[in-house]
Number of protein chains: 2
Amino acid sequence: METITIKDIAKLCGVGVSTVSRAMNNHPDINEETKQKIMEVIKDYHYVPNNSARNLKRADAKAIAVLIKGITNPFFSKMIKIFEQEIQEKKYTFVLQHVDDHQDEVDVAIRLEKEKRLNGIVFLGGHFSHSREKLEQIPVPFVLSTIGLRDQSGSEKYSSVYVDDVKESAKMVSYLIEQGHRKIAIIASGEDDESIGRLRLEGYRRALEEHGIEYDESYVARMKDDVDSYSMENGYAVTKELLESGKDFTAIFAISDSIAIGCCKAIFDAGKSVPENYSVAGFDGLEMAAYYHPSVTTIKQPVEEMAEATIKMLFDVILNGAREQQRVFDGELIEGKSVKRIV
Amino acid sequence: METITIKDIAKLCGVGVSTVSRAMNNHPDINEETKQKIMEVIKDYHYVPNNSARNLKRADAKAIAVLIKGITNPFFSKMIKIFEQEIQEKKYTFVLQHVDDHQDEVDVAIRLEKEKRLNGIVFLGGHFSHSREKLEQIPVPFVLSTIGLRDQSGSEKYSSVYVDDVKESAKMVSYLIEQGHRKIAIIASGEDDESIGRLRLEGYRRALEEHGIEYDESYVARMKDDVDSYSMENGYAVTKELLESGKDFTAIFAISDSIAIGCCKAIFDAGKSVPENYSVAGFDGLEMAAYYHPSVTTIKQPVEEMAEATIKMLFDVILNGAREQQRVFDGELIEGKSVKRIV
DNA sequence: TTGTACGCGTTATCAC
DNA sequence: GTGATAACGCGTACAA
């Protein structure tokens, strides 16, 4: 399979390379007849232009990349679909780039921009605690989407779209309290977590405080290090331990729906019931939460609107040179059947 | 942000470009001292080599691409992780490429190979009914992984890894029959489906036949066209209609776990229970099936082994010039609590 | 309207 | 050990 290049096509057609190039790229100044002929030869010989060479030459690829950290996260699936849709609607190419757990998303972004001549970037997931200096190395506009911002200060430097994890988390815990719960356990992330996990724990703490309930460390169960974080498996393992510890509580707030589901399962497997014996609440608003039996009470993040807003903001900067901005969305508390009102 | 190139670095260091190139690519013939210095300048100036230019020049990028059709599918998540792991272990670069629903995966593969100088390709998902001629245009070894092969004939032309959907599906339906069920509804794919959906329906049919039960069209419920296929939502909608139709049946075989879960939910919402009123069985062995309440009886595809076999086969062809081969894996019937034995 | 020649940033092949 | 220089495949001024 010797690689066939634009030169070969030109020779085959008895024309110059520039004519072939013009034919492929829909340039105006070309004879319709020769163009037809060229296109035919291209088809016949299955010629495919080399993208690397193109990117090397082109100033602007009209492409937007979405960098996603943690492809396993079902929460992102819907967002990606909308990103794709919106980007293609604007006649831009959609590039989806997966980032390993141990890779630095900004490094990947910089490399990719060089390689593909991107016009903009969306970061999805990750904690994103990068220095301003590093961020400034990204030569194109970008938006942080649903990323747990540890530090709001200095955030005017970049655009972002997110829900206020502290507030929403507090909303859920307040709801549990209003349903009569006082002894509320939480399944939180590890001690050293700097991402959304910490923020959601902070919300839990704040809600308790507001309602005059003392914060008690022993109600805080941490996810296992040796199991996928935010997974059902992790939720199951932690809950199992919690139940076996004999600790007394009436409700569990899991900081994600996946955890909540693992949590429910552990309760069922222990011969207990949700919500009769224990109430369970989640976070995220995954489809799964609604389909679970019982359906899981959760905070639904408005993924559609958030994804749309992300793209809109990005293009605002790209096309209109708008300033960076932050948009905070409200989560919606969806009452399922997993929380019982107690007296 | 003027782009900084290898030339700039060379000038800055007072050396030639080739020396810089050698420093970056760990070439042996280079003075350790100058190398150190060059690397430092690279760091300081945040120089990042342009991948397009690299790919243009390099003969071989030592890269394997995984093309995935339908990123939403949770079934693929685990496989991808293993692919990544195995590929990196072989010191190859892992490239994950998403393929739109309306894109042709082979076209994407050909383009990507040209662009990135791939050494091999894994196709994940899709139905893959391509002509031999088209397949021959792929200039590097490739493996079809968990792809519903419509037509086993002529498949010696390419490597593949899959479970026998017909057989496994029949296994599940036979199991239901052995549990005493006779009136078994199935939630199948659309009439025009040529992918795994058709195969699984075929298995259903075959199992009935083997047990002397007449195949009855009216027990075949088709997924909705206007809803995501293989989704919980689809399973819910179809089951709801089925229940409202008043059709008499004791078990439902959903051709995927997601559908099965939507199915369960519809039954619960109708005030009925699983498995007391209706037994439900799924297919795939998703994590979710195990965590559902009741846990869903399903056919578990051995994803880990399949993913490992995929990579092994691919490298066998790449490194040892082995012939194409097909490997069929057995699914495992996992008994959950969603199927009741009846008399 | 079409063809020629150069440059994009990098690596590999030479000489030195 | 190091430095010119020729590719790699394509797009595009510029000339024709």
Side-chain angles (χ1 to χ4, degrees), chain A residues 1-39 41-42 45-63 110-118 139, chain B residues 1-39 41-42 45-63 110-118 139:
Chain A
M1 195 74 169
E2 351 56 80
T3 332
I4 169 169
T5 78
I6 194 172
K7 270 187 191 167
D8 301 319
I9 298 294
K11 226 169 267 172
L12 247 30
C13 297
V15 300
V17 287
S18 41
T19 310
V20 177
S21 177
R22 276 190 278 264
M24 292 191 302
N25 300 340
N26 295 317
H27 272 254
D29 284 357
I30 187 170
N31 186 305
E32 189 58 34
E33 218 171 307
T34 50
K35 177 173 173 178
Q36 289 298 328
K37 195 194 162 172
I38 291 171
M39 292 313 278
V41 175
I42 287 180
Y45 285 77
H46 306 299
Y47 165 65
V48 177
N50 184 317
N51 250 322
S52 285
R54 281 190 154 170
N55 292 331
L56 199 54
K57 194 59 196 162
R58 270 208 282 247
D60 177 328
K62 279 203 171 295
I110 293 170
R111 206 176 316 139
L112 198 65
E113 188 281 327
K114 281 231 166 56
E115 180 175 343
K116 302 251 187 177
R117 296 285 145 88
L118 302 175
Chain B
M1 195 75 167
E2 353 53 82
T3 332
I4 170 168
T5 78
I6 194 173
K7 272 185 190 166
D8 301 320
I9 299 294
K11 226 168 268 172
L12 248 29
C13 297
V15 300
V17 287
S18 31
T19 310
V20 178
S21 178
R22 276 190 277 263
M24 293 192 301
N25 300 334
N26 294 319
H27 272 252
D29 282 358
I30 185 169
N31 186 305
E32 189 58 35
E33 221 171 305
T34 51
K35 178 172 173 177
Q36 290 297 329
K37 194 194 162 171
I38 290 171
M39 293 313 276
V41 174
I42 287 179
Y45 285 78
H46 306 299
Y47 164 65
V48 177
N50 184 317
N51 250 321
S52 286
R54 282 190 152 170
N55 292 330
L56 197 55
K57 189 61 194 161
R58 268 207 286 244
D60 178 328
K62 279 201 173 295
I110 294 170
R111 206 176 318 141
L112 198 64
E113 188 281 328
K114 281 232 166 53
E115 180 175 342
K116 302 254 189 176
R117 296 285 146 89
L118 302 174

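Values below: all heavy atoms of this structure, side chains included; hydrogens, waters and symmetry mates excluded. Each chain gets a letter, A, B and so on, in the order the sequences are listed, and its residues count up from 1. All values reported here derive from a predicted model rather than from experimental measurement.
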Novice: Does C/dT11 have its OP1 or OP2 closer than 4.0 Å to a side-chain nitrogen or oxygen of B/N25?
Specialist: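 Checking B/N25 against C/dT11: at least one side-chain N or O falls below 4.0 Å of OP1 or OP2.
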Novice: Can you tell me the distance, in whole Å, between the CZ atom of B/R117 and the C1' atom of C/dA12?
Specialist: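 After rounding, the gap between these two atoms is 14 Å.
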Novice: What closest approach, in Å, do A/V17 and A/I6 show between heavy atoms, and which atom pair accounts for it?
Specialist: O-CD1, 3.8 Å
Novice: Would you indicate what A/V15 reaches in the nucleic acid, counting non-hydrogen atoms under 4.0 angstrom: base, sugar-phosphate, or nothing?
Specialist: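 The answer is sugar-phosphate, as A/V15 gets under 4.0 Å only of primed atoms, P, OP1 or OP2.
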Novice: Would you check if B/N50 and A/R111 make a side-chain contact, meaning some heavy-atom pair closer than 4.5 Å?
Specialist: no
Novice: In terms of side-chain geometry, is the basic nitrogen of A/E115 or B/K116 positioned less than 4.0 Å from the acidic oxygen of its partner?
Specialist: yes
Novice: Can you confirm whether A/T19 sits close enough to A/R22 that some side-chain heavy atom of one is under 4.5 Å from a side-chain heavy atom of the other?
Specialist: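 Yes, side chains in contact.
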Novice: For DNA chain C, which residues in residues 5-14 of chain B have a heavy atom at a distance below 4.0 Å?
Specialist: B/T5, B/I6
Novice: Calculate the interatomic distance between B/D29 atom CG and C/dC16 atom C1'; express it in whole Å.
Specialist: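 Distance check: B/D29 CG to C/dC16 C1' gives 14 Å.
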Novice: Sequence neighbours excluded, which residues qualify as side chain to side chain contact (heavy atoms under 4.5 Å, CB included) partners of B/R54?
Specialist: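 Once residues adjacent in sequence are excluded, the partners of B/R54 under the side chain to side chain contact (heavy atoms under 4.5 Å, CB included) criterion are B/M24, B/N25, B/P49, B/N51, B/R58.
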Novice: How close or far is atom C1' of C/dA12 from atom CG of B/L56, stated in whole angstroms?
Specialist: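 Computing the B/L56:CG to C/dA12:C1' distance gives 13 Å.
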Novice: Atom OH of B/Y47 to atom P of C/dG9: distance rounded to whole Å?
Specialist: 10 Å
Novice: May I ask you to verify whether the side chain of A/S18 and the base of C/dG3 hold a donor-acceptor pair under 3.5 Å?
Specialist: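 When only heavy-atom distances are counted, A/S18 does reach the base of C/dG3 through a donor-acceptor pair under 3.5 Å.
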Novice: What is the distance, rounded to the nearest whole Å, between atom CD of A/E115 and atom P of C/dC8?
Specialist: 19 Å
Novice: Nearest 0.5 Å please: distance from the NZ atom of A/K37 over to the CG atom of A/L12.
Specialist: 9.0 Å
Novice: Is the shortest heavy-atom distance from the side chain of B/C13 to the side chain of B/I9 under 4.5 Å?
Specialist: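 SC-SC contact between B/C13 and B/I9 confirmed.
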Novice: Quick one: does any side-chain atom of A/D8 pair with a main-chain N or O of A/T5 as donor and acceptor, under 3.5 Å?
Specialist: yes
Novice: Describe the nucleic acid contact of A/N31 in one word from base, sugar-phosphate, nothing, applying a heavy-atom distance below 4.0 Å.
Specialist: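 The answer is sugar-phosphate, as A/N31 gets under 4.0 Å only of primed atoms, P, OP1 or OP2.
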Novice: Is it the case that the side chain of A/R117 and the backbone of A/N55 share a donor-acceptor pair, with hydrogens and angles ignored and the cut-off at 3.5 Å?
Specialist: yes
Novice: In whole Å, I'd like the distance from the NE2 atom of A/H27 to the P atom of C/dG3.
Specialist: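 Result: 15 Å.
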Novice: For a quick check of understanding: with a heavy-atom distance under 4.0 Å over all strands, which category does A/S52 fall into, base, sugar-phosphate or nothing?
Specialist: nothing
Novice: When the nearest nucleotide of DNA chain D is assigned to A/R22 and to B/I30 on a heavy-atom basis, which residue is associated with the more 5' position?
Specialist: B/I30
Novice: Walking along DNA chain D from 5' to 3', note the first and the last nucleotide with an atom under 4.0 Å from a heavy atom of chain B, and give both.
Specialist: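 Listed 5' to 3', the contact boundaries are D/dG1 to D/dG9.
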